[in-house]
Amino acid sequence: MLDLTEILACPLCGSSVYRDGGALRCESGHSYDVAKEGYVNLLPPGRSGNACTGDDKEMVRARRAFLETGSYDKISDGMTAAVLKYSEHDDKLVIADAGCGEGYHTCRIADGLRKNGVEVLCAAFDASKRAAAAGEKLAGRFSPTLAPRGGVGVPLAEDCGGALVGFTTGNIFHMPLKNSSCDAVLSMFAPIPWSECERVLKHEGTLVVAASGEDHLIEMRRVIYEKVNLKTPSPSPSDGFDLIGRERLKYSFSLQNTDDIMNLFGMTPFSYRASPDAKKRLSTLSGINLTADVEYFIYRKRG
């Protein structure tokens, strides 16, 4: 049976963890309560880079509302295809999602792998407690096979097998995972923690990165900005990785109401940078045709 405690590590001392009632504990005595929503907070206290970060309640709501339109389903399908194509596995994969947000893509990827006959154990990390809570709730609603009964770290019953996704709050630059514990790490539209990916990946493990292409949401950018800068994504991997594949996904989709447009806007970096006038222009639109442009970079950890 699948059990996340096989791969999780104490964020303070790095030792193994085990389930003890309503908490996770480590061999050194550190304890982490499992929240009522099912996630566990593994952000180490007092460490730099951990402050109250990540999506707030409104951002989590906007992200979930937009993603459930299905407009970005092809993007997570592309991640699933890349993992299947490039990962070394014997029908079983241990995966870390570094920067999972509210979990929509994570759940779709895990379920997609399961439907392709792969047994999946996935630890998903985000700095936001609200996002982790939303992810746990979605795992139970999205597919019964993803729901970790009683919270993160609890094995699935045998008749639910196939995939388990557990969401935790965690710092992706200090992931609470054991060394060499993962077959693959996913990074979708997030900062890439190269050294941490190298640490947690097994020998010749796979890192799959999804980055915005130069034409991604270009129609929205033209509404927001007077001048649109086109920039080709170019990740800069550490010496511990070799680029083994690169794929591009480009397609058109339409949003037919202002709420969907503003929900999408609210989950993009544009929302931080746009002027009040730009936001007002966008909010007057009742529909928009958009381009999704995503590039996938696939890396293998050097032996």
Side-chain angles (χ1 to χ4, degrees), residues 2 4 8 11 22-24 32-43 50-73 75-77 79-80 95-114 120-154 156 160 163-172 175-177 185-191 210 255 259-269 271-272:
L2 302 170
L4 280 171
L8 290 176
L24 294 184
Y32 307 92
D33 290 337
V34 177
K36 64 180 180 179
E37 296 89 348
Y39 75 92
V40 62
N41 184 358
L42 294 179
L43 281 169
N50 277 353
C52 297
T53 56
D55 292 351
D56 59 24
K57 184 176 181 179
E58 176 56 27
M59 293 172 72
V60 169
R61 184 210 62 77
R63 186 181 297 273
R64 174 61 55 79
F66 170 74
L67 290 174
E68 289 191 343
T69 68
S71 299
Y72 272 13
D73 283 2
I75 297 176
S76 44
D77 289 344
M79 289 291 284
T80 304
I95 296 174
D97 190 347
C100 62
E102 44 59 67
Y104 183 85
H105 288 308
T106 315
C107 289
R108 292 197 82 253
I109 292 165
D111 201 46
L113 292 170
R114 178 190 65 82
V120 181
L121 180 64
C122 179
F125 302 103
D126 197 88
S128 167
K129 293 181 181 180
R130 290 184 174 90
E136 281 289 327
K137 184 176 181 180
L138 180 63
R141 179 170 66 83
F142 186 89
S143 170
T145 62
L146 301 184
R149 296 177 179 178
V152 67
V154 178
L156 284 171
C160 286
L164 183 149
V165 179
F167 291 86
T168 80
T169 51
N171 187 332
I172 64 172
M175 285 188 279
L177 289 170
V185 175
L186 313 179
S187 177
M188 298 186 70
F189 310 109
L255 300 180
D259 285 346
D260 287 345
I261 294 169
M262 297 310 294
N263 284 334
L264 173 58
F265 171 74
M267 60 178 270
T268 69
S271 63
Y272 300 109

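Keep in mind that the numbers below use all heavy atoms, side chains included, and drop hydrogens, waters and symmetry copies. Since the structure is predicted, the reported quantities are computational estimates derived from the model, not experimental observations.
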Query raised in the report: Of Leu42, Leu177, Asn41, which is the lone residue that meets side-chain contact (heavy atoms from CB on, under 4.5 Å) with Pro11?
Result: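 The side-chain contact (heavy atoms from CB on, under 4.5 Å) with Pro11 is passed solely by Leu42 among Leu42, Leu177, Asn41.
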How long is the span from the [atom1] atom in [X] to the [atom2] atom in [Y], to the nearest 0.5 Å?
X: Met59; Y: Asn263; atom1: CE; atom2: CG; answer: 12.0 Å
X: Glu136; Y: Lys36; atom1: CD; atom2: NZ; answer: 14.5 Å
X: Thr69; Y: Leu264; atom1: OG1; atom2: CG; answer: 8.5 Å
X: Thr268; Y: Phe189; atom1: OG1; atom2: CZ; answer: 11.5 Å
X: Thr169; Y: Leu43; atom1: OG1; atom2: CG; answer: 4.5 Å
X: Asp260; Y: Phe265; atom1: CG; atom2: CZ; answer: 15.0 Å

Identify the two heavy atoms, one from [X] and one from [Y], that lie closest to each other, and give their separation to 0.1 Å.
X: Ala23; Y: Asp33; result: CB-OD1, 3.8 Å
X: Phe125; Y: Ala96; result: CE1-CB, 4.4 Å
X: Gly99; Y: Asp126; result: C-OD1, 3.9 Å
X: Val165; Y: Ala110; result: CG2-CB, 3.5 Å
X: Phe167; Y: Cys107; result: CZ-SG, 4.1 Å
X: Pro191; Y: Ile172; result: O-CD1, 3.5 Å

Query raised in the report: Who are the salt bridge (Lys or Arg N to Asp or Glu O under 4.0 Å) partners of Arg61, not counting sequence neighbours?
Result: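 With sequence neighbours excluded, Arg61 shows a salt bridge (Lys or Arg N to Asp or Glu O under 4.0 Å) to Glu58, given in chain and number order.
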Query raised in the report: What residues form a salt bridge (Lys or Arg N to Asp or Glu O under 4.0 Å) with Asp73, not counting sequence neighbours?
Result: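 For Asp73, the residues satisfying salt bridge (Lys or Arg N to Asp or Glu O under 4.0 Å) (neighbours in sequence not counted) are Arg108.
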Query raised in the report: Taking only residues two or more places apart in sequence or in another chain, which ones pass side-chain hydrogen bond (donor to acceptor under 3.5 Å, both in side chains) with Ser271?
Result: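 Checked Ser271 against side-chain hydrogen bond (donor to acceptor under 3.5 Å, both in side chains); zero matches.
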Requested in this report: Apply side-chain hydrogen bond (donor to acceptor under 3.5 Å, both in side chains) to Ser187 and list each qualifying residue two or more places apart in sequence or on a separate chain.
Outcome: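 side-chain hydrogen bond (donor to acceptor under 3.5 Å, both in side chains) check on Ser187 returns nothing, list empty.
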**Report entry** Listed partners of Phe66 passing ring-ring contact (aromatic ring centres under 6.0 Å, His included), at least two apart
**Finding:**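 With sequence neighbours excluded, Phe66 shows a ring-ring contact (aromatic ring centres under 6.0 Å, His included) to Tyr72, given in chain and number order.
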Requested in this report: Would you check if the side chain of Arg64 reaches a backbone N or O of Glu102 as a donor-acceptor pair within less than 3.5 Å?
Outcome: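 Present.
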**Report entry** Sequence-distant partners of Thr80, side chain to side chain contact (heavy atoms under 4.5 Å, CB included), two or more places apart
**Finding:**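 Result, side chain to side chain contact (heavy atoms under 4.5 Å, CB included) vs Thr80: Leu84, Ile109, Leu113.
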Query - Step-by-step side chain to side chain contact (heavy atoms under 4.5 Å, CB included) determination, Asp111 to Arg114 - result: CA-CA 5 Å; Asp111 201 46; Arg114 178 190 65 82; 2.8 Å; yes
Query raised in the report: Does any non-hydrogen side-chain atom of Met79 lie less than 4.5 Å from one of His105?
Result: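 Not in contact.
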**Report entry** More than 12 heavy atoms from other groups under 6.0 Å of CZ on Arg63
**Finding:**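 Atom CZ in Arg63 is packed in, count exceeds 12.
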Requested in this report: Would you tell me whether Asp97 and Thr106 have side-chain atoms, one donor and one acceptor, within less than 3.5 Å of each other?
Outcome: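 Yes, side-chain donor-acceptor contact under 3.5 Å.
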